[in-house]
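These notes concern the structure reproduced below.
Atoms within a ligand are numbered from 1 in the order they appear, just like the ligands themselves.
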Amino acid sequence: MPHDLTDFITGMPKAELHVHIEGCLEPRMLLQFAERNGVDLPYQDEDEVLAAQDYGEPALDNFLKYHENCLRVLKTGQDFYELAYAYFRKCAENNVVYLEIMFETQAHVSRGLVFSEFFGAINQARKEARRDFKVEANWIMSFQRDHSAESSMEILDMAVPFKDEIIAVGLDNYEVNNFALKFVEVFRRAREEGYRLTSHCDCNQQNSIEHIRQCLELLQVERIDHGLHVIDSPELTTIVRERQIPLTMCPTWRPSDPAPRRMESIRKMLELGLLVSVNSDDPEEFASRYMNNIFIEMHKQGSYTKDEIVRLTRNAFSSAWISEDSRSHYLEELEKYAAA
Ligand code: HPA
Ligand code: ZN
């Protein structure tokens, strides 16, 4: 029986770089917001919500349909504020001290919500979390790949007054073919405006390797969200290693399949010297739940050692879009903790 790492993992200072704020909506809040906003949901109670999280295949599409249906309950600034503040409390409970969090844009604006209202609300929660929980966070503004490039340009206009509060832009949602080509101008403008750049390249999608290549070459992304298939291509592996492009893997899936997946692939990424981290993605919609649980399950079910878990955490801090002073501070805290 290997040494149990639960206490070590729980106390370890952690970072999370791939999480969607909308995926942090607890079933309890989902039902409560639906009720107060008069939104019809096909679920009567929390058990029915959890039963609906049995996505099946095609995985990404089925998940996104569920996710989009739930999003509809988010209407007012108060909803977004409560969602984000509750999530930051969870981060503090998990000793997650630094985060980069994605928020969706077209998904809300296309429903008639006002950018300054929903972004203002989550950003207020971010500031309060720093004060109340000592949790630091930065925002990644996600464009939904199934929406048009023009609508992404409009979102960039809406975000101008908040530019200093948003660290990066990203792409998520359905992995439509040649999506990188579609967003070249959007990413060129975002880069000129000073945003850092990332994109999802999801697992087991059509043309995965080509999409990673296009994101690197056409969009000049500095990070890839997921990026599992990098290791299927020796050429991409070399590029990603040489440029130290972070890969933000998310090892869990639907709650009915709770074991973390791709344990050997993530181990291989570490062995290849790739800057891989592990993350929750959508903690209330996936089996990930929160960061402590992910590492505990990786230890118990994937035999991940203390060294490997510290290494994944070191990679997360090394991947973060923060000043070198902050990075040194976080890494020193981690090394001190790991050595004690
Ligand atoms: N992939 C694509 N879109 C998403 C995801 C994801 O993992 N989570 C929320 N939106
Ligand atoms: Zn994601």
*asked:* If only side-chain N and O atoms count, and only distance matters, is there a donor-acceptor pair under 3.5 Å linking Gln301 with Glu297?
replied: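 Present: a donor and an acceptor within the cut-off.
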*For the atom pair CG (Leu275) and CD1 (Ile245), what is the distance rounded to the nearest 0.5 Å?*
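Leu275 atom CG to Ile245 atom CD1 measures 9.5 Å (nearest 0.5 Å).
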*Taking the six-membered ring where the residue is Trp, are the ring centres of His108 and Phe80 under 6.0 Å apart?*
yes
*Check Arg262, Lys268, Arg267, Arg261 against Glu264 for a salt bridge (charged side-chain N to carboxylate O under 4.0 Å, His left out) and give me the one that passes.*
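Filter result, single survivor: Arg267.
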*asked:* Check for me: within less than 2.8 Å of the Zn ion (ligand 2), which protein N/O/S atoms show up?
replied: His18 NE2, His20 NE2, His200 NE2, Asp281 OD1
*Contact residues of ligand 1 with a heavy-atom cut-off of under 4.0 Å?*
His20, Leu60, Phe63, Leu64, Asp172, Asn173, His200, Asp202, His226, Asp281, Asp282
*Which hydrophobic side chains are connected to Met102, either touching it within the sub-4.5 Å cutoff or through other members that do?*
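Met102 shares its hydrophobic cluster with Ile140, Ile167, Trp321.
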*Apply the test salt bridge (Lys or Arg N to Asp or Glu O under 4.0 Å) to residues Glu324 and Arg327: give CA-CA distance (whole Å), side-chain angles for both, the deciding distance (0.1 Å), then the verdict.*
CA-CA 5 Å; Glu324 291 312 313; Arg327 194 185 322 284; 3.0 Å; yes
_Positive for side-chain contact (heavy atoms from CB on, under 4.5 Å) with Pro260, one of Met298, Lys300, His299_ =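 Looking at Met298, Lys300, His299, the match for Pro260 under the side-chain contact (heavy atoms from CB on, under 4.5 Å) is Met298.
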*Within a strict 4.5 Å, meaning less than it, do heavy atoms of the Asn173 and Leu64 side chains meet?*
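Sidechains of Leu64 and Asn173: in contact.
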*asked:* Filter on salt bridge (Lys or Arg N to Asp or Glu O under 4.0 Å), then keep only pairs touching residues 15-39, sequence neighbours left out; what's left?
replied: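 Matches after skipping sequence neighbours: Glu26-Arg28, Glu26-Lys90, Arg36-Asp79, Arg36-Glu82.
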